[in-house]
Amino acid sequence: MERSAIRQISGWLWEIPRSYRSDMRVPARFYASEAMLEQILADRSLEQLVNVATLPGIVGFALAMPDIHEGYGFPIGGVAAFDPDAGIISPGGIGYDINCGVRLLATSQPFESVREKIPDLVKEIYRQVPSGVGHGNRITFSSKQLEQILRDGAPRMVAFGYGEPEDLGHIESGGVIDVADPSKVSQYAKQRGGDQLGTLGTGNHFVEIDRIDAIFDQEAAVRMGLFEGQIVIQLHTGSRGLGHQIATDYIRVMNRAMPKYGIEVPDRELACAPFCSPEGQEYFSAMSAGANFAWANRQLITWEIRQAWRAVVGDDPLRVVYDVAHNIAKVETHEIDGHRRQLLVHRKGATRAFVGQPVIIPGSMGTASFVLEGGLASMHESFGSSCHGAGRRMSRTKAKHMVQGSQLRQELEAIGVSVQAGSMQGLAEEASAAYKDIGEVVSTVVSAGIARKVVRLVPVGVMKG
DNA sequence: ATGTCC
């Protein structure tokens with residue numbers, strides 16, 4: 001997109017007005033610093049954002065966070081809210097990895113007391129948490145148990161003995177969406193993902209051990225049980241092959257259904273159906289079941305990490321600080337022009353950031369991460385949403401040509417990060433050079449008042465599929 | 001992201 005198409009609203013907010021293209025129903029807005037603009041203009045993400053602004057029933061603005069980059073149909077880093085009666089639901093607005101998200105676990109140990117054990121801990125986590133593409137788990141569930149997990153999410157996983165009841169109070173939506181309907185999930189999806197509970201996957205999914213190296217808001221940090229020097233563990237994964245197959249199944253359904261509803265979209269990848277239509281409701285029920293699977297997955301991985309921690313460090317309990325979804329659509333109440341309205345909010349590579357809620361923002365590999373807290377502007381401007389991470393700026397293909405995985409591993413070890421990875425090529429694709437600067441992304445949403453900084457984390461160990 | 005093309 002040309003720079004001239006964009007109008008600057010403030011030091012952190014930009015707008016593509018409706019006049020840009022005749023089919024736009026609302027303006028598009030995105031959060032970015034001046035320095036990030038060139039990067040954002042370089043790929044098709046803003047054209048994708050304009051495409052989102054054309055979808056039936058969209059309310060307010062088609063929005064994007066500073067970690068915006070190109071995705072399937074909708075840009076990653078995008079937020080779009082729709083009228084539940086007049087609007088659509090689109091699998092591309094959620095992503096193939098339904099309820100990809102991040103969980104943060106807190107230990108009670110300062111870095112100094114476990115420093116020597118970190119390499120062994122990373123190795124043990126790698127042993128306990130299966131990873132890699134297509135890989136299942138030795139812990140399995142019957143088809144009846146899988147149905148229960150799809151319906152009941154993380155609470156069902158805790159009921160099966162994997163976790164503590166108090167974990168559930170520290171998960172977005174309690175780790176379950178109650179409209180989930182396992183009967184709307186295909187047998188094929190259940191077959192693909194049914195043995196993948198408690199597994200990490202690959203790509204940008206990881207388990208990372210971090211040290212808290214800066215406190216920005218002492219009061220909020222105390223409230224979250226976080227202190228300087230503390231060892232914490234981040235876990236990033238989603239719904240694995242099951243969610244991927246739900247997306248695949250319903251993109252096909254919606255492509256076939258669109259003519260029936262007279263919906264025309266500027267890009268096939270925006271396949272959608274009216275939210276209130278049978279196809280829309282079936283996808284919403286299946287997507288919610290996929291979201292529940294992802295929360296159950298992160299719950300079981302938490303249990304596996306606790307096993308590893310116990311084996312290497314000791315009996316010290318690991319506490320769930322919070323668990324956020326960043327690929328999901330939910331019905332929420334938001335205030336629009338002074339009126340409270342029910343809206344279907346799509347977040348794709350965007351994190352819910354309600355006021356006071358912990359917002360976990362992983363950086364790229366080897367760089368800092370942040371824990372934020374939702375701010376007031378999030379409720380007024382971004383449908384209760386913030387950014388979700390650094391955001392890719394280089395394709396996987398380009399990254400693996402530019403970076404040697406084994407050399408990257410050495411560099412990470414040299415700066416004090418223990419590494420366990422299933423594939424050196426996979427590691428190269430996740431090099432920090434392939435990502436935007438997390439500090440710039442975070443300071444943009446902080447300037448906007450969408451979120452406030454609470455603590456910064458620096459990595460001391462990372463495990464990848 | 002993904003048994004990285006049924």
Side-chain angles (χ1 to χ4, degrees), chain A residues 43 45 48 67-78 90-103 129-137 140 185-207 235-253 255 268-269 271 286-287 290-291 293-295 297-298 301 324-329 346-351 362 364-365 388-401 405 421-431 434-435 464-465:
Chain A
D43 70 15
S45 55
Q48 291 187 320
D67 47 345
I68 182 175
H69 58 109
E70 240 180 271
Y72 180 88
F74 288 55
I76 295 161
S90 174
I94 289 139
Y96 274 90
D97 191 4
I98 294 163
N99 191 4
C100 188
V102 195
R103 181 176 289 206
V129 184
S131 64
V133 74
H135 288 188
N137 200 342
T140 56
V185 177
S186 68
Q187 281 308 315
Y188 188 39
K190 290 169 186 167
Q191 179 198 317
R192 257 185 86 174
D195 67 345
Q196 294 180 334
L197 284 156
T199 71
L200 191 67
T202 182
N204 64 3
H205 291 164
F206 64 82
V207 178
L235 153 61
H236 177 216
T237 188
S239 51
R240 311 285 285 101
L242 182 130
H244 191 276
Q245 192 59 44
I246 292 171
T248 304
D249 290 341
Y250 281 93
I251 286 167
R252 187 177 296 126
V253 166
N255 261 315
R268 259 185 81 81
E269 295 183 353
M287 185 276 299
F293 182 92
W295 271 314
N297 186 28
R298 291 197 285 276
I301 293 176
V324 292
H326 56 221
N327 282 12
I328 201 163
H346 291 63
R347 296 192 182 96
K348 182 191 195 178
T351 307
S364 52
M365 198 170 44
H388 86 307
R392 189 169 272 284
R393 64 171 180 170
M394 190 188 288
S395 70
R396 293 182 179 280
T397 316
K398 193 173 172 196
K400 69 190 170 205
H401 284 301
S423 127
M424 282 305 118
Q425 186 175 295
L427 198 69
E429 290 177 3
E430 294 305 317
Y435 282 84
K464 297 196 64 78

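Values below: all heavy atoms of this structure, side chains included; hydrogens, waters and symmetry mates excluded. On a predicted model such as this, the values are computed, not experimentally measured, just so you know. Below, read A as the first sequence line, B as the second, and so on, with proteins coming before strands; counting in each chain starts at 1.
- Using a 4.0 Å heavy-atom criterion, one finds that A/G238 contacts no nucleic acid atom at all.
- A/H205 comes within 4.0 angstrom of the backbone, heavy atoms only, and of no base.
- Atom pair A/I251:CD1 and B/dT2:P shows a separation of 15 Å (rounding to whole Å applied).
- Rounded to whole Å, atom P of B/dT2 lies 12 Å from atom CG of A/L242.
- Screening A/Y250, A/Y188, A/Y96 for a ring-ring contact (aromatic ring centres under 6.0 Å, His included) involving A/H244 leaves a single residue, A/Y96.
- Rounding to whole angstrom units, CG of residue A/N99 and P of B/dT2 are separated by 13 Å.
- Aromatic rings of A/H236 and A/H326 (six-membered ring for Trp) have centroids within the 6.0 Å cut-off, being under it.
- Residues forming a salt bridge (Lys or Arg N to Asp or Glu O under 4.0 Å) with A/R298 (at least two apart in sequence, or on another chain): A/D323.
- Note on A/Q196: only backbone sugar-phosphate atoms sit closer than 4.0 angstrom, heavy atoms only; bases stay farther off.
- Rounded to whole angstrom, the span from the OH atom of A/Y96 across to the C1' atom of B/dC5 amounts to 12 Å.
- To the nearest angstrom, P of B/dT2 lies 17 Å from OH of A/Y72.
- Listed by chain and number, the residues in a salt bridge (Lys or Arg N to Asp or Glu O under 4.0 Å) with A/R396 are A/E429, A/E430 (sequence neighbours excluded).
- As rounded to whole Å, 14 Å separates atom P of B/dT4 from atom CD of A/E429.
- A/E430 places its CD atom 14 Å from the C1' atom of B/dT4, with the value rounded to the nearest Å.
- Residue A/G95 is out of contact with every strand shown, counting any heavy-atom pair closer than 4.0 Å.
- A/R240 has a side-chain polar atom (N or O) that falls below the 4.0 Å cut-off from OP1 or OP2 of B/dT2.
- Rounded to whole Å, atom P of B/dT2 lies 19 Å from atom CZ of A/R252.
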